[in-house]
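Remarks on the structure that follows.
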2 protein chains.
Amino acid sequence: MKKNPEQCQVVVALDMIVGKWKPVIIQHLLNGDVLRFNELRRLMPDITQRMLTLHLRELEEQDIVQRKVYPQIPPKVEYSITEYGRSLEMVMDAMHKWGAAHVEHMELKKKEEALSEKEI
Amino acid sequence: MKKNPEQCQVVVALDMIVGKWKPVIIQHLLNGDVLRFNELRRLMPDITQRMLTLHLRELEEQDIVQRKVYPQIPPKVEYSITEYGRSLEMVMDAMHKWGAAHVEHMELKKKEEALSEKEI
DNA sequence: CGGTATCCATAATGATACTG
DNA sequence: CAGTATCATTATGGATACCG
């Protein structure tokens with residue numbers, strides 16, 4: 001399979017997970033949990049209600065997240081990963097592993113810089 | 001490039017490749033080619049000179065891309081992937097594969113929608 | 001409880017002209 | 001050839017108040 005960067009499919013995948021809180025939301029739902037709106041908020045204390053709504057709606061539109069509304073008062077809405085969304089697990093894993101390695105790489109780089117400063 | 005809101009390592013990886021043209025630049029350099037500034041421009045006809053410069057400088061800062069300047073007139077600058085940058089290949093591949101599958105998924109979805117409209 | 005509606009600040013990108 | 005500089009525009013996210 002040839003990789004053609006022009007009609008870059010990497011960008012297609014990126015579009016699904018880019019957004020300040022989207023990766024975190026996806027990660028939480030990939031755990032397999034079914035979470036209510038405010039449960040998600042509690043898991044991400046710094047997200048605003050607005051952004052949580054926006055991102056969840058986008059993920060729903062993208063068929064990554066399923067939204068289930070219970071028509072009752074007070075309202076109850078549950079969010080879960082879709083079967084399709086679960087296919088993102090490979091991608092998320094690859095990035096998670098790379099991210100972890102990157103942290104090590106940066107720490108190494110800092111140490112090297114600190115060392116070469118001492119030598120001067 | 002913004003700081004990661006949580007200590008999510010997926011976000012660490014994302015920060016390296018997010019940017020309108022960054023994934024495409026990385027893909028081109030991952031091919032193993034050593035490319036000059038204007039060669040990259042030709043490969044991405046719609047990128048502005050400014051954005052190409054900005055993204056390349058960020059990628060250099062992130063140790064993903066190596067910039068080699070030949071001090072001559074007219075100037076000659078070559079860009080290539082670093083060894084560390086090459087480690088992104090796994091991530092890029094995972095996303096590329098997912099992106100390809102996603103295109104199929106969307107086409108399937110459209111067909112289903114078209115079908116259910118006929119039934120109505 | 002699970003949202004919307006506004007308004008605002010900042011970040012990201014683009015257009016265009018100029019340069020050693 | 002490989003950039004900078006400047007200004008304009010758009011995208012993204014935040015603060016706050018209100019709603020059924």
Side-chain angles (χ1 to χ4, degrees), chain A residues 5-6 8 10-12 14-26 28-29 33-62 64-80, chain B residues 1-6 8 10-12 14-26 28-29 33-62 64-80:
Chain A
E6 291 311 304
C8 181
V10 172
V11 177
V12 175
L14 272 175
D15 280 346
M16 310 300 274
I17 53 183
V18 166
K20 183 158 180 186
W21 305 93
K22 267 192 193 179
V24 187
I25 294 172
I26 292 171
H28 280 301
L29 293 178
D33 305 329
V34 176
L35 294 168
R36 298 179 64 171
F37 188 83
N38 279 348
E39 287 175 330
L40 280 164
R41 280 188 79 185
R42 256 168 262 133
L43 290 171
M44 296 171 282
D46 292 343
I47 196 173
T48 60
Q49 218 165 0
R50 172 183 142 83
M51 288 314 296
L52 183 52
T53 303
L54 284 176
H55 279 156
L56 284 171
R57 291 294 149 83
E58 276 182 33
L59 290 168
E60 191 192 357
E61 177 73 17
Q62 292 163 329
I64 300 298
V65 160
Q66 185 179 3
R67 178 170 181 262
K68 184 168 184 182
V69 183
Y70 296 85
Q72 61 186 43
I73 292 177
K76 177 178 172 182
V77 181
E78 286 180 345
Y79 293 92
S80 57
Chain B
M1 211 169 36
K2 284 206 74 178
K3 267 190 162 184
N4 36 315
E6 320 241 324
C8 177
V10 172
V11 178
V12 175
L14 273 175
D15 279 346
M16 309 299 274
I17 52 183
V18 166
K20 183 158 178 183
W21 306 92
K22 267 192 193 177
V24 186
I25 295 172
I26 292 170
H28 279 300
L29 294 177
D33 305 330
V34 176
L35 294 168
R36 297 179 64 172
F37 189 82
N38 277 349
E39 288 175 329
L40 280 165
R41 279 189 79 185
R42 257 169 258 131
L43 290 170
M44 297 171 282
D46 292 343
I47 196 172
T48 62
Q49 216 164 5
R50 172 183 144 80
M51 286 315 296
L52 183 53
T53 303
L54 284 176
H55 279 155
L56 284 171
R57 292 291 150 82
E58 278 183 31
L59 290 168
E60 190 192 359
E61 177 73 19
Q62 292 163 330
I64 301 296
V65 160
Q66 185 180 3
R67 179 170 181 263
K68 184 169 184 183
V69 183
Y70 297 85
Q72 60 185 45
I73 292 177
K76 176 177 171 183
V77 181
E78 285 180 345
Y79 293 92
S80 56

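- Heavy-atom neighbours of A:Lys76 NZ from other residues, nucleotides or ligands within 6.0 Å: above the threshold of 12.
- In this structure, the CG atom of A:Leu14 is 13 Å from the P atom of D:dT12, given to the nearest Å.
- Direction of the helix axis in the helix from C:dC1-D:dG20 to C:dG20-D:dC1 shifts by 50° between the two five-pair termini, rounded to 10°.
- Residue A:Lys20 places no side-chain N or O under 4.0 Å from the OP1 or OP2 atom of C:dA11.
- Atom-to-atom, CD1 of B:Ile25 to P of C:dT13 comes out at 10 Å; the value is rounded to the nearest Å.
- Within 6.0 Å of atom CD in B:Glu61, 12 or fewer heavy atoms from other residues, nucleotides or ligands are found, so the atom counts as exposed in its surroundings.
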Tabulated below should be each protein N or O lying under 3.5 Å from an N or O of nucleotides 2-5 of chain C; please produce it.
| from | atom 1 | to | atom 2 | distance (Å) |
| --- | --- | --- | --- | --- |
| C:dG2 | OP1 | A:Arg36 | NE | 2.9 |
| C:dG2 | OP1 | A:Arg36 | NH2 | 3.2 |
| C:dG2 | OP1 | A:Val77 | N | 3.3 |
| C:dG2 | OP2 | A:Asn38 | N | 3.2 |
| C:dG2 | N7 | A:Gln49 | NE2 | 3.3 |
| C:dG3 | OP1 | A:Arg57 | NH2 | 2.6 |
| C:dG3 | OP1 | A:Arg67 | NE | 3.4 |
| C:dG3 | OP1 | A:Arg67 | NH2 | 2.5 |
| C:dG3 | OP2 | A:Tyr79 | OH | 2.6 |
| C:dG3 | N7 | A:Gln49 | OE1 | 3.3 |
| C:dG3 | N7 | A:Gln49 | NE2 | 2.3 |
| C:dG3 | O6 | A:Gln49 | OE1 | 3.2 |
| C:dT4 | OP1 | A:Arg57 | NH1 | 2.4 |

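- Heavy-atom minimum distance, A:Leu35 versus A:Leu29: CD1-CD2, 4.0 Å.
- Between B:His55 and C:dA12, a side-chain N or O to OP1/OP2 separation shorter than 4.0 Å is absent.
- If you measure from atom CG of B:Leu52 to atom P of C:dA15, you get 15 Å, rounded to the nearest angstrom.
- Rounded to the nearest 0.5 angstrom, A:Ile26 CD1 and A:His55 NE2 are separated by 9.5 Å.
- In this structure, A:Glu58 atom CD and D:dG13 atom P are separated by 8 Å, rounded to whole Å.
- Of all heavy-atom pairs between A:Lys22 and A:Asp15, the closest is NZ-O, 3.9 Å.
- Counting to the nearest Å, the C1' atom of D:dT9 and the CE atom of B:Met51 are 13 Å from each other.
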Side chain to side chain contact (heavy atoms under 4.5 Å, CB included) between B:Leu56 and B:Leu40, intermediate numbers included = CA-CA 10 Å; B:Leu56 284 171; B:Leu40 280 165; 4.0 Å; yes
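- Checking B:Tyr79 against B:Glu39 by side-chain atom types alone, no donor-acceptor pair falls below 3.5 Å.
- Atom CD1 of B:Ile47 and atom P of C:dT13 are 10 Å apart (whole Å).
- Contact record, B:His28 with B:Asp33: O-OD2, 4.1 Å, taken as the closest heavy-atom pair.
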